[in-house]
Amino acid sequence: MTDQAISPLRRRMIEDMTIRKLAPKTQQGYIRAIKNFAAFLGRPPATASFEDIRRFQLHLVNNGARPPILNHNISALRFFFRVTLKRHAIVEHTHLVDQPRKLPVVLSPEEVARLLDAAPGLKYKAALSVAYGAGLRAGEVVALKVSDIDSERMLIRVEQGKGHKDRNVMLSPHLLELLRTWWKTARPQGWLFPGRDPVQPMTTRQLNRACHAAAQLAEIDKRVSLHTLRHSFATHLLEQNTDIRVIQVLLGHAKLENTALYTRVATKTIQQVMSPLEHIAAKLNEAQPPT
């Protein structure tokens, strides 16, 4: 879209999002949501009333929009009216939809080993190993540069992860050897995992496709995505009795409650907890006179 094709109102919203450093993907999604809202209204969105917003939400629900889509549209409308138009009252009574929190899919250590062994080539094996071995998100893996690998301190530097925050994660000796093998083979100069065009990094789409292909070759029946490796990383650390606050820092979670989710899927940890029924049974056995 050329500068001439952008309306002053849209330009203002884009500037407001840029000032607040919203991610490009978020900006695109917000603009698309307001564009859809305007199409629903049939007139400029700045002329909308609260009843118009209410009708739009009802329209989305009736068309089968799921909670994430509903919440994304509500967030876009709130930004547009509160920040860009300064009309706070119009969105005062809009509410985000509660999303059911499902337990994440987690692989066993054996399944992770099979998946990594089935990776389609050394490049993807190294990238998927970083995702699991350091608990990184897809976007964080592909954004790694060669200079982010600190072999002296045995750390991986993650720059501008989710929430625009830098953090360090551990670099295991096994992962370091694998990355050295990859570097000696491909000699990447900038990006650790360059794309088809070496000037650009590998895309998250490419990495996810490789993950799906590896899971299929490894004959893993679970629904696997790249984020499954991150879930598995956190769960396995918890099962190794790693402090949950350490795991929170490694994952880059802002809230401990997000990390606490993994206590619900750490099966080894759950299995090690003794049921109070066992204590009662033990007391009853002690109370019974010997025969």
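Quick note: numbers below take in every heavy atom, side chains included, and nothing from hydrogens, waters or symmetry partners.
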[X] side chain to [Y] main-chain N or O, any donor-acceptor pair under 3.5 Å?
X: Ser232; Y: Leu107; value: yes
X: Arg10; Y: Lys35; value: no
X: Asn71; Y: Leu96; value: no

Return the minimal non-hydrogen interatomic distance between [X] and [Y], and the atom names on each side.
X: Pro120; Y: Ala210; value: CD-O, 3.8 Å
X: Ile244; Y: Ala260; value: CD1-CA, 3.7 Å
X: Ala127; Y: Val141; value: O-CG1, 3.8 Å
X: Ala118; Y: Ala214; value: CB-O, 3.5 Å
X: Leu128; Y: Cys211; value: CD2-CB, 3.9 Å
X: Ile90; Y: Ser49; value: CD1-C, 3.6 Å

Report the distance from atom [atom1] of [X] to atom [atom2] of [Y], rounding to the nearest 0.5 Å.
X: Arg209; Y: Arg205; atom1: CZ; atom2: CZ; result: 4.0 Å
X: Ser172; Y: Leu179; atom1: OG; atom2: CG; result: 8.5 Å
X: Ile74; Y: Ile69; atom1: CD1; atom2: CD1; result: 11.5 Å
X: His236; Y: Ile247; atom1: NE2; atom2: CD1; result: 11.5 Å
X: Ile53; Y: Leu77; atom1: CD1; atom2: CG; result: 5.5 Å
X: His212; Y: Leu115; atom1: NE2; atom2: CG; result: 10.0 Å

*Return each pair, listed once, that meets salt bridge (charged side-chain N to carboxylate O under 4.0 Å, His left out) where at least one residue sits in residues 210-237; pairs must be two or more places apart or across chains.*
Glu111-Lys222
*Residue pairs, two or more places apart or on separate chains, that pass salt bridge (charged side-chain N to carboxylate O under 4.0 Å, His left out) and touch residues 42-54*: Arg43-Asp52, Glu51-Arg54, Asp52-Arg55
Could you list the residues that satisfy side chain to side chain donor-acceptor pair (under 3.5 Å) with [X], not counting sequence neighbours?
X: Asp148; result: none
X: Glu177; result: Arg180
X: Arg114; result: none

*Apply the test side-chain contact (heavy atoms from CB on, under 4.5 Å) to residues Arg245 and Leu256: give CA-CA distance (whole Å), side-chain angles for both, the deciding distance (0.1 Å), then the verdict.*
CA-CA 7 Å; Arg245 294 191 180 275; Leu256 184 61; 3.6 Å; yes
*Sequence-distant partners of Ala213, side chain to side chain contact (heavy atoms under 4.5 Å, CB included), two or more places apart*: none
*Among all residues two or more places apart in sequence or in another chain, which pass the side chain to side chain contact (heavy atoms under 4.5 Å, CB included) test with Lys255?*
Glu257, Asn258
*Does Arg12 CZ have over 12 foreign heavy atoms under 6.0 Å away?*
no
*May I ask you to check whether over 12 heavy atoms, not counting those of Lys25, lie within 6.0 Å of atom NZ?*
no
Can you name the residues that form a ring-ring contact (aromatic ring centres under 6.0 Å, His included) with [X], not counting sequence neighbours?
X: Phe233; value: none
X: His72; value: Tyr30
X: His227; value: His231

Flag the pair [X] / [Y] as yes when at least one side-chain heavy-atom distance between them is below 4.5 Å, and no otherwise.
X: Glu239; Y: Thr235; result: yes
X: Val142; Y: Thr203; result: no
X: Ile31; Y: Met13; result: yes
X: Leu237; Y: Leu250; result: yes
X: Thr18; Y: Gln27; result: yes
X: Ile156; Y: Asn168; result: no
X: Val169; Y: Leu136; result: yes
X: Leu85; Y: Leu9; result: yes

_Checking Asn36 against Arg32 for the side-chain contact (heavy atoms from CB on, under 4.5 Å) test, could you report, in this order, the C-alpha distance in whole Å, the side-chain angles of both residues, the deciding distance, and whether it holds?_
CA-CA 6 Å; Asn36 291 339; Arg32 185 164 52 248; 4.0 Å; yes
Please tabulate, for the side chains in residues 56-67, all donor-acceptor contacts under 3.5 angstrom to protein atoms that are two or more places apart in sequence or on a different chain.
{"residue": "His59", "atom": "ND1", "partner": "Asn63", "partner atom": "ND2", "Å": "3.2"}
{"residue": "Asn62", "atom": "ND2", "partner": "Leu58", "partner atom": "O", "Å": "3.3"}
{"residue": "Asn63", "atom": "ND2", "partner": "His59", "partner atom": "O", "Å": "2.7"}

*Let me see the working for Arg157 and Asp150 under side-chain contact (heavy atoms from CB on, under 4.5 Å), right down to the final yes or no.*
CA-CA 8 Å; Arg157 177 177 173 80; Asp150 188 343; over 6 Å; no
Between [X] and [Y], is there shared hydrophobic-cluster membership here, with clusters defined by ILVMFWY side-chain heavy atoms closer than 4.5 Å?
X: Val97; Y: Val91; answer: yes
X: Met170; Y: Tyr132; answer: yes
X: Val105; Y: Leu116; answer: no
X: Leu178; Y: Leu229; answer: yes
X: Leu207; Y: Leu217; answer: no

*Between Arg137 and Leu251, does a side-chain contact (heavy atoms from CB on, under 4.5 Å) hold up when you go through it step by step?*
CA-CA 9 Å; Arg137 302 175 178 90; Leu251 292 175; 5.8 Å; no
Could you list the donor-acceptor pairs under 3.5 angstrom formed by side chains in residues 187-202, with sequence neighbours left out?
{"residue": "Gln189", "atom": "NE2", "partner": "Arg187", "partner atom": "O", "Å": "2.9"}
{"residue": "Trp191", "atom": "NE1", "partner": "Val199", "partner atom": "O", "Å": "2.9"}
{"residue": "Asp197", "atom": "OD1", "partner": "Val199", "partner atom": "N", "Å": "3.2"}

